[in-house]
Amino acid sequence: ENYDPTQSDDRNFIPRQNIRFQSSANKLHITSSSHQVKPDEMVLDAEMINRSGIQDITVKTAGNASIDADTKLELPVKSHFELVARNFDLAGKIYAPGGSVNIASAWNQGDADGGTNAAVNFFGNASSPLTAKDGQLTLHSGAEIDVSGRWVNDYATSLSGVLPAEPLVIEGGSVNL
């Protein structure tokens with residue numbers, strides 16, 4: 001759907017781009033010689049996110065979201081990762097020790113018959129009609145979401161006299177799908 005200056009609501013500002021998390025090995029390269037190539041997805045480098053130390057990540061789109069099979073998001077302890085999209089394809093791994101992972105549909109599933117009734121998205125605006133495929137979460141073989149706590153060795157700490165540099169996480173976090 002394109003920008004329409006005659007619209008008075010927020011529909012012109014709803015992101016509809018698909019989001020894909022991937023490893024650096026599979027980067028999409030766009031050069032000046034490929035100026036006619038326009039990616040239809042926003043590709044986020046999982047390794048860059050892992051190195052960033054960001055603890056609170058929220059990504060929202062009215063498009064689809066995916067995490068590739070060879071991709072592992074390794075977030076800092078007690079991180080919060082929220083992904084809101086129309087549909088999800090999760091083949092990779094998310095690791096957030098003691099953190100929270102929230103994966104939610106941007107669409108109200110009240111009327112998913114593909115008819116003329118409009119769905120309400122996370123912005124509260126009317127949008128395109130739903131189909132039976134909207135609001136789907138696909139977890140592939142090998143996909144993992146791990147928010148478990150970490151093992152703590154107090155004995156080793158007492159011997160070395162060095163206190164841990166990051167918070168101890170002995171309790172697991174939460175996962176909401």
Side-chain angles (χ1 to χ4, degrees), residues 1-3 9-30 37-114 118-148 172-177:
E1 198 172 326
N2 295 324
Y3 172 75
D9 59 25
D10 292 339
R11 283 183 280 176
N12 289 319
F13 303 104
I14 299 170
R16 289 178 173 79
Q17 190 171 27
N18 293 336
I19 306 293
R20 180 168 49 130
F21 292 87
Q22 69 173 24
S23 68
S24 294
N26 296 326
K27 280 187 180 175
L28 174 65
H29 295 284
I30 298 176
V37 177
K38 180 183 176 196
D40 60 350
E41 297 180 320
M42 176 182 284
V43 179
L44 300 174
D45 183 352
E47 293 166 12
M48 183 183 70
I49 293 170
N50 295 346
R51 290 188 310 268
S52 73
I54 296 173
Q55 289 186 290
D56 192 350
I57 299 172
T58 301
V59 178
K60 294 182 179 183
T61 183
N64 298 319
S66 64
I67 299 177
D68 290 352
D70 61 343
T71 301
K72 185 172 185 180
L73 288 171
E74 295 182 277
L75 305 172
V77 297
K78 299 192 180 217
S79 292
H80 172 77
F81 180 77
E82 181 176 18
L83 186 57
V84 179
R86 188 174 193 130
N87 296 298
F88 305 97
D89 189 39
L90 300 171
K93 298 171 177 27
I94 302 171
Y95 180 54
S100 65
V101 175
N102 182 30
I103 297 177
S105 175
W107 305 96
N108 179 349
Q109 291 292 322
D111 182 45
D113 64 359
V120 176
N121 65 26
F122 59 89
F123 291 101
N125 298 314
S127 187
S128 60
L130 289 173
T131 67
K133 293 183 180 181
D134 291 331
Q136 299 294 311
L137 169 62
T138 304
L139 291 174
H140 293 270
S141 175
E144 293 178 17
I145 300 174
D146 184 354
V147 295
S148 62
S174 64
V175 175
N176 294 305
L177 303 176

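What you see is a predicted model; the values in this text were computed from it and never measured. One-based numbering along the sequence shown.
Glu41 contributes atom CD, which lies 10.5 Å from atom OG1 of Thr61 (distance to the nearest 0.5 angstrom). Atom CZ of Phe81 is separated from atom CD1 of Ile67 by 4.5 Å, given to the nearest 0.5 angstrom. Rounded to the nearest 0.5 angstrom, Asp56 CG and Ser100 OG are separated by 8.0 Å. Here Thr58 contributes atom OG1 and Asn102 contributes atom CG; the two are 8.5 Å apart, rounded to the nearest 0.5 Å. Residue Lys93 holds its NZ atom at 10.0 Å from CG of Asp70, rounded to the nearest 0.5 Å. Note that CD of Glu47 and CG of Leu73 are 10.0 Å apart. Values are rounded to the nearest 0.5 Å.
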Candidate pair Val84 and Val59, rule side-chain contact (heavy atoms from CB on, under 4.5 Å), full reasoning
CA-CA 6 Å; Val84 179; Val59 178; over 6 Å; no
Given the rule in the side-chain contact (heavy atoms from CB on, under 4.5 Å) test, do Arg20 and Asn18 qualify, once you have shown the distances and angles that lead to the verdict?
CA-CA 7 Å; Arg20 180 168 49 130; Asn18 293 336; over 6 Å; no
Test Ile49 against Phe21 for side-chain contact (heavy atoms from CB on, under 4.5 Å), laying out the working first.
CA-CA 10 Å; Ile49 293 170; Phe21 292 87; 3.7 Å; yes
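Contact annotation: the side chain of Leu137 approaches that of Leu90 to within less than 4.5 Å [non-hydrogen atoms, C-beta and beyond]. Side-chain contact check for Asp89 versus Asn64: every heavy-atom pair is 4.5 Å or farther apart. Here the side chains of Val175 and Ile94 are not in contact, with every heavy-atom distance at 4.5 Å or above.
Taking every heavy atom of both residues into account, Val77 and Gln55 meet most closely at O-NE2, 3.0 Å. Looking at every heavy atom in both residues, Ile54 comes nearest to Ser79 through O-OG, 4.2 Å. What you find for Ser105 and Gly135 is that their closest heavy atoms are OG-CA, 3.6 Å. When all heavy atoms of Asp68 and Gln22 are compared, the closest pair comes out as OD2-CB, 3.3 Å. Taking each heavy atom of Leu75 and Pro97 in turn, the nearest pair found is O-CD, 3.5 Å.
Atom NZ of Lys78 has 12 or fewer neighbouring heavy atoms from other residues, nucleotides or ligands inside a 6.0 Å radius.
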